[in-house]
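To start, the structure itself, in structure tokens.
Index from 1, following the sequence. Just so you know, these numbers come straight off a predicted model, no measurement behind them.
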Amino acid sequence: SKRDAIEIIDGDRSAYALAGILSQRERGRRLFAGTVESDVLLFRSVAERFPLATEINCVGDKWLLAGDRERNLLIGQEVSGHLLFPAYIANNETSRKVVLSGNGLLTMLVLAAAYGSRIPSYEQGYVNTFYTYNIDKSLFLRRSPIWKRDLTTIRKAFKKAASEGRFGGRSVFKTIARKEETDMLYAGMFDEKGMPEAVVFVRKSGTENKIGTYMRGLMKHAELLEH
């Protein structure tokens, strides 16, 4: 029929839909963890609507379960579509074991249930990424000349925008160091709750000879992030 359609959704939208259905069923797990590559509005929307505690981690699903997150994790997600959430396996007739599954077929079935419940999507933010290939990644180290030059450029742009009133009066510029990926440069403007409004981060690929510059933020800051 004319109404038939196929819609492809990424890991961000999938995780939001899962949060809608799982947050009602898993009262003991209240953590939604994603990575820096995701839309920053995803984390804002999850925290405001469901509500769940949110964490933004380094790229790689291994960081979603690092530390003691496993005990409280409801959803771990990557924008690529890899999703972790609790699944139950029966040990015997009287007990069952919880595993944090990344099974694609199980994810599809739970997502079908979520969309069947008509959980709305969230207002998406600005997302853009540029890659540079065939580089010497060893030159981009924390506090190396290139790293510091990039930080200076990012800081000047955000400070100028803040002086022009493009951010709220309580917004602050911050750089965040991540011990899991020490060379990554992550900087931007954060609101009074510590949620990112507009961020730029630069990181080396762990699998390819490339470095990426990532821009994420509220859609109203798209023009600033593009330049």
* Asked: CG of Leu224 to CE of Met189: how many Å apart, nearest 0.5 Å?
  -> 9.5 Å
* Could you walk me through whether Tyr122 and Asp39 pass the side-chain contact (heavy atoms from CB on, under 4.5 Å) check? -> CA-CA 11 Å; Tyr122 65 97; Asp39 184 347; 3.6 Å; yes
* Asked: Can you tell me if Thr182 uses its side chain to pair, donor with acceptor, with the backbone of Arg178 under 3.5 Å?
  -> no
* Is Asp150 paired with Arg155 through a side-chain N to carboxylate O contact shorter than 4.0 Å? -> no
* Identify whether Leu83 and Leu31 are in the same connected component of the hydrophobic contact network (ILVMFWY, side-chain heavy atoms under 4.5 Å). => no
* Criterion side-chain contact (heavy atoms from CB on, under 4.5 Å) on Ile75 and Leu84, from CA distance to verdict -> CA-CA 6 Å; Ile75 295 171; Leu84 301 174; over 6 Å; no
* Asked: Taking atom types as modelled, is there a side-chain donor on Arg69 or Asn57 under 3.5 Å from an acceptor on the other?
  -> yes
* Transitive ILVMFWY side-chain link Val59 to Val40, under 4.5 Å -> yes
* To do: Please test Gln77 against Ser38 for side-chain hydrogen bond (donor to acceptor under 3.5 Å, both in side chains), starting from the C-alpha separation and ending with a verdict.
  => CA-CA 9 Å; Gln77 62 87 221; Ser38 286; 2.9 Å; yes
* Neighbour count above 12 (heavy atom, 6.0 Å) for Glu223 CD -> no
* Would Leu109 and Leu18 show up in the same hydrophobic cluster when neighbours are defined by side-chain heavy atoms closer than 4.5 Å? -> no
* Given side chains that start at C-beta, do those of Tyr186 and Val200 come closer than 4.5 Å, heavy atoms only? -> no
* Any ion pair linking Lys210 and Glu208 (charged N to carboxylate O, less than 4.0 Å)? -> yes
* Within one Ile-Leu-Val-Met-Phe-Trp-Tyr cluster: Leu185 and Ile176, side-chain cutoff 4.5 Å -> no
* Structure fact -> Here the pair of heavy atoms bringing Ile135 nearest to Asn209 is O-OD1, 2.8 Å
* Is the side chain of Ser144 donor-acceptor paired with the backbone N or O of Leu141 at a distance under 3.5 Å, no angle test? -> yes
* Structure fact -> Output for pair (Gln24 CD, Arg27 CZ), nearest 0.5 Å, gives 6.5 Å
* Nearest heavy-atom pair of Ala17 and Leu111: which atoms, and what distance? -> CB-CD2, 4.0 Å
* **Heavy-atom donor-acceptor pair, Asp183 side chain to Arg142 backbone, under 3.5 Å** => yes
* Taking side chain as C-beta onward, heavy atoms only, is Phe140 less than 4.5 Å from Val202? -> yes
* Give a yes or no answer on whether the side chain of Arg216 reaches the backbone of Glu37 with a donor-acceptor pair at less than 3.5 Å. => yes
* Asked: Any side-chain heavy atom of Thr35 sitting closer than 4.5 Å to one from Leu64?
  -> yes
* Between Arg170 and Phe190, is there a donor-acceptor pair closer than 3.5 Å when you use the side chain of the first and the backbone of the second? -> no
* Please test Tyr16 against Phe50 for ring-ring contact (aromatic ring centres under 6.0 Å, His included), starting from the C-alpha separation and ending with a verdict. => CA-CA 10 Å; Tyr16 185 83; Phe50 295 123; 5.1 Å; yes
* Looking at OH of Tyr126 and CD of Glu226, how far apart are the two atoms once the value is rounded to the nearest 0.5 Å? -> 4.0 Å
* Apply side-chain contact (heavy atoms from CB on, under 4.5 Å) to the pair Arg30 and Ser23, showing each step before the final yes or no. => CA-CA 7 Å; Arg30 308 308 296 171; Ser23 62; 4.2 Å; yes
* Less than 4.0 Å between a side-chain N and a carboxylate O, is that true for Arg71 and Asp68? -> yes
* Structure fact -> In short, Ala33 meets Leu73 closest at the heavy-atom pair CB-CD1, 3.8 Å
* Give the intermediate values and the outcome of side-chain contact (heavy atoms from CB on, under 4.5 Å) for residues Arg44 and Lys193. => CA-CA 10 Å; Arg44 284 174 164 265; Lys193 296 181 180 179; over 6 Å; no
* Asked: At what distance, to the nearest 0.5 angstrom, does CG of Asp61 lie from CG of Leu100?
  -> 11.5 Å
* Between the main-chain N or O of Lys220 and the side-chain N or O of Arg166, is there a donor-acceptor pair closer than 3.5 Å? -> no
* Asked: Can you check whether Ile56 reaches Phe43 side chain to side chain, under 4.5 Å on heavy atoms?
  -> yes
* Minimal non-hydrogen separation, Gly125 against Met219, with atom names -> O-CE, 3.3 Å
* So, do Phe85 and Phe32 have ring centers that fall under 6.0 Å from each other? -> no
* same_hphob_cluster(Val110, Ile9) at 4.5 Å side-chain heavy-atom cutoff -> yes
* **Partner residues of Lys137 under the side-chain hydrogen bond (donor to acceptor under 3.5 Å, both in side chains) criterion, sequence neighbours left out** => none
* Asked: Does Leu41 offer a backbone N or O that forms a donor-acceptor pair with the side chain of Ser45 under 3.5 Å?
  -> yes
* Structure fact -> All heavy atoms of Pro51 vs all of Ala47, minimum pair found to be CB-O, 2.9 Å
* **Donor-acceptor under 3.5 Å (Arg29 side chain, Glu70 main chain)** => yes
* **Gap separating the CE atom of Met184 from the OH atom of Tyr214, nearest 0.5 angstrom** => 9.5 Å
* Would you call the rings of Phe173 and Phe158 parallel, tilted or perpendicular, where under 30° means parallel and over 60° means perpendicular? -> tilted
* By side chain to side chain contact (heavy atoms under 4.5 Å, CB included) - contacts of Arg96 (at least two apart) -> Tyr88
* **Spacing of CD belonging to Glu197 relative to CG belonging to Leu225, to within rounding of 0.5 Å** => 11.0 Å
* Got a donor-acceptor contact below 3.5 angstrom from the Ser171 side chain to the Asp191 backbone? -> no
* Quick one: does Asn128's side chain have a donor or acceptor within less than 3.5 Å of a partner on Met215's backbone? -> no
* What are the two closest non-hydrogen atoms of Glu78 and Gly60, and how far apart are they? -> OE2-N, 3.3 Å
